[in-house]
Amino acid sequence: MVEKTIDLTGISANSVEDAVQLAISRAGVTIKGIHTAHVESIDALVEANKVVRWKVRIKVTFQVKDELHE
């Protein structure tokens, strides 16, 4: 088996979990078989001394298919 790992960034005003889910959901539109997500970093974006958004950087891994493209 061969796997590929890519970097993604998700941003949400709601929560860290939403930011991760958003990144995975959007990537899942074009990438099939995502099976692992590793959170690399979490940042809180601040305006006027309040957290307004969460930004996560994740690495997602998926299996590379053995199909040949013509």
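As the structure is a computational prediction, the values presented were derived from the model and not from experiment. For reference, positions follow the sequence shown, starting with 1.
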List the residues meeting side chain to side chain contact (heavy atoms under 4.5 Å, CB included) with [X], not counting sequence neighbours, and say none if there are none.
X	answer
Ser15	Glu17, Asp18
Ala13	Arg53
Arg26	Leu22
Thr61	Glu3, Thr5, His35, Thr36

Partners passing side-chain hydrogen bond (donor to acceptor under 3.5 Å, both in side chains) against [X] (at least two apart in sequence or in another chain):
X	value
Thr9	none
Thr30	none
Gln63	none
Asn49	none

Trp54 CH2 to Asn14 CG distance, which is reported to the nearest 0.5 Å: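 Output value for this atom pair is 12.0 Å.
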
Please report the interatomic distance CE(Met1) to NZ(Lys65), rounded to the nearest 0.5 Å.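 Spacing of CE (Met1) from NZ (Lys65) equals 9.5 Å.
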
According to salt bridge (charged side-chain N to carboxylate O under 4.0 Å, His left out), does anything in residues 34-45 pair up with another residue at least two apart or in another chain? List the pairs.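 Passing the test, one end in residues 34-45: Asp43-Arg57.
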
Per the salt bridge (charged side-chain N to carboxylate O under 4.0 Å, His left out) rule, what does the pair list look like for residues 28-39, sequence neighbours excluded?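 Matches after skipping sequence neighbours: none remain.
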
Do the side chains of Ile34 and Val39 join up, straight or via other hydrophobic residues, at under 4.5 Å, putting them in one cluster?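 Yes; tracing contacts between hydrophobic side chains, which count when under 4.5 Å, links both residues.
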
For residues Val51 and Leu45: do they belong to one hydrophobic cluster (side chain heavy atoms under 4.5 Å, members Ile, Leu, Val, Met, Phe, Trp, Tyr)?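 No; tracing contacts between hydrophobic side chains, which count when under 4.5 Å, never links both residues.
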
In sequence, state the C-alpha distance, the side-chain angles, and the governing distance for Ile31 and Ile6, and then conclude on side-chain contact (heavy atoms from CB on, under 4.5 Å). CA-CA 11 Å; Ile31 299 169; Ile6 62 170; 3.4 Å; yes

Hey, what else clusters with Val64 if you join Ile, Leu, Val, Met, Phe, Trp, Tyr whenever side-chain heavy atoms sit under 4.5 Å?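 ILVMFWY cluster around Val64 also holds Val2.
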
Taking every non-hydrogen atom, the tightest pair across Ala19 and Ser12: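 Nearest heavy atoms, Ala19 then Ser12: N-CB, 3.5 Å.
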
Please identify each residue that fulfils salt bridge (Lys or Arg N to Asp or Glu O under 4.0 Å) with Lys55, with sequence neighbours left out.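 Listed in chain order: nothing, the list is empty.
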
Ile58 and its side-chain contact (heavy atoms from CB on, under 4.5 Å) partner, picked from Ile42, Ile24, Asp7: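 Exactly one option meets the side-chain contact (heavy atoms from CB on, under 4.5 Å) with Ile58, and it is Ile24.
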
